[in-house]
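Input: a single structure, listed below in structure tokens.
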Amino acid sequence: MADHRVVVRGAGTGDRDEVWGLAREFATSFVPERAAFDESFARLLTAAHTLLLVAEVPGRGVVGYLLGNSHTTFLANGPVAWVEEVMVDEGARRLGVGRLLMEHAEEWAQSTGAAYLALASRRAGDFYVALGYEDSATFYKKTFR
């Protein structure tokens with residue numbers, strides 16, 4: 001059941017340090033570097049076709065974030081949306097924070113005219129299936145650095 005004190009809103013410059021703490025915990029493939037994070041955070045706040053949300057609980061601060069983007073494709077006959085990162089503090093899990101972040105992302109994706117919202121996840125598949133997502137592809141990547 002969702003914690004009704006959770007507020008999901010667009011991230012602002014004042015959220016940088018709290019999102020940094022969550023991003024450090026989220027990373028598995030790379031070790032986040034603070035200078036690179038700060039530069040990316042500032043750019044993402046104003047980037048076109050980008051969604052950067054935070055979930056906040058009064059008295060606890062930011063307990064989650066979501067980073068998404070949309071882009072145009074041929075096969076979907078227009079835009080699609082992608083969740084790049086979604087992270088909820090371990091102590092705030094099972095309170096509905098992730099669900100609220102994803103609901104806001106879905107509303108945003110629909111407002112852009114996206115044909116679908118997609119994401120890759122290695123650890124939270126059951127969570128996304130419970131939200132109505134389906135396993136539709138295998139994710140491949142080639143790391144350059």
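Predicted, not measured: the structure shown is a model, and the values here were computed from it. Residue indices begin at 1 and follow the sequence shown.
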Point-to-point distance, once rounded to the nearest 0.5 Å, from [atom1] of [X] to [atom2] of [Y]:
{"X": "L44", "Y": "E84", "atom1": "CG", "atom2": "CD", "answer": "9.5 Å"}
{"X": "S121", "Y": "E85", "atom1": "OG", "atom2": "CD", "answer": "12.5 Å"}
{"X": "S70", "Y": "W108", "atom1": "OG", "atom2": "CH2", "answer": "4.5 Å"}
{"X": "T112", "Y": "H49", "atom1": "OG1", "atom2": "NE2", "answer": "9.5 Å"}
{"X": "L53", "Y": "E103", "atom1": "CG", "atom2": "CD", "answer": "12.0 Å"}
{"X": "R16", "Y": "R34", "atom1": "CZ", "atom2": "CZ", "answer": "5.5 Å"}

Cluster question for you: counting only ILVMFWY and a side-chain heavy-atom cut-off of under 4.5 Å, with indirect links fine, are [X] and [Y] together?
{"X": "L66", "Y": "Y133", "result": "yes"}
{"X": "L131", "Y": "Y116", "result": "no"}
{"X": "V86", "Y": "V80", "result": "no"}
{"X": "V63", "Y": "L101", "result": "yes"}
{"X": "V97", "Y": "L117", "result": "yes"}

By the definition side-chain contact (heavy atoms from CB on, under 4.5 Å), identify the one residue from W20, F37, F26 that meets it with P32.
W20
Identified side-chain contact (heavy atoms from CB on, under 4.5 Å) counterpart of V62 within the set D17, D89, V57, D15:
D15
Return the minimal non-hydrogen interatomic distance between [X] and [Y], and the atom names on each side.
{"X": "V6", "Y": "A55", "answer": "CG1-CB, 4.1 Å"}
{"X": "R99", "Y": "A130", "answer": "NH2-O, 4.4 Å"}
{"X": "A109", "Y": "A81", "answer": "CB-CB, 3.6 Å"}

Return yes if some donor-acceptor pair links the side-chain N/O of [X] with the main-chain N/O of [Y] below 3.5 Å, else return no.
{"X": "T73", "Y": "G78", "value": "yes"}
{"X": "R9", "Y": "V54", "value": "no"}
{"X": "S40", "Y": "D38", "value": "no"}

Working note: L51 + L67, criterion side-chain contact (heavy atoms from CB on, under 4.5 Å); need CA distance, chi angles, decisive distance, verdict.
CA-CA 6 Å; L51 177 67; L67 173 61; over 6 Å; no
Take V19 and F41, measure what side-chain contact (heavy atoms from CB on, under 4.5 Å) needs, and give me the verdict at the end.
CA-CA 9 Å; V19 173; F41 189 86; 4.1 Å; yes
Stepwise side-chain contact (heavy atoms from CB on, under 4.5 Å) check, Y65 with E18:
CA-CA 9 Å; Y65 78 91; E18 290 178 287; over 6 Å; no
